[in-house]
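Here the structure comes first, spelled out in structure tokens, and everything after it is commentary.
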Amino acid sequence: VIDKLPVLRLRGLAQHSGQAGLALIEVEGSGIYMLRVGEIVTLRSDHPPLTLRLKRIHPTSIEIEAGSSQQVVVVR
């Protein structure tokens, strides 16, 4: 279980027929990131650094895989 997962907010989704979608994710204290499914962002403020991977995009939410434990978090 991840104890220090920052607050995550879904700020926007963009999907076009036949193309991979994009998600705008706000990470409290780090900024806003634009990710496609499978992309990873590494937050260096923690020791060890925390990695977040966009696992799946749904119509109103996303699934983020966090840390080496691969815990999945749903962000709406």
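- Separation of atoms NZ (Lys55) and CD (Glu65) is listed at 5.0 Å; rounding is to 0.5 Å.
- Closest heavy-atom contact between Leu10 and Thr60: CD2-O, 4.0 Å.
- The minimum heavy-atom distance between Glu39 and Met34, with the atom names listed, is OE1-O, 3.9 Å.
- Tracing side-chain contacts under 4.5 Å through hydrophobic residues (I, L, V, M, F, W, Y), one never reaches Val74 starting from Ile62; they form parts of separate clusters.
- Across every non-hydrogen atom of Glu28 and Pro6, the tightest pair is O-CB, 4.1 Å.
- Val75 and Leu54 end up in the same hydrophobic cluster when Ile, Leu, Val, Met, Phe, Trp and Tyr side chains are linked at under 4.5 Å.
- Grouping the Ile, Leu, Val, Met, Phe, Trp and Tyr side chains by contacts below 4.5 angstrom, directly or via other members, places Leu52 with Tyr33.
- Remark: Glu63 engages Arg56 in a salt bridge, criterion side-chain N to carboxylate O under 4.0 Å.
- By the rule that hydrophobic residues join a cluster once side-chain heavy atoms approach within less than 4.5 Å of another member, Val73 and Val37 end up as members of one cluster.
- Between Leu13 and Pro59 the shortest heavy-atom distance is CD1-O, 3.5 Å.
- Grouping the Ile, Leu, Val, Met, Phe, Trp and Tyr side chains by contacts below 4.5 angstrom, directly or via other members, places Leu8 apart from Leu22.
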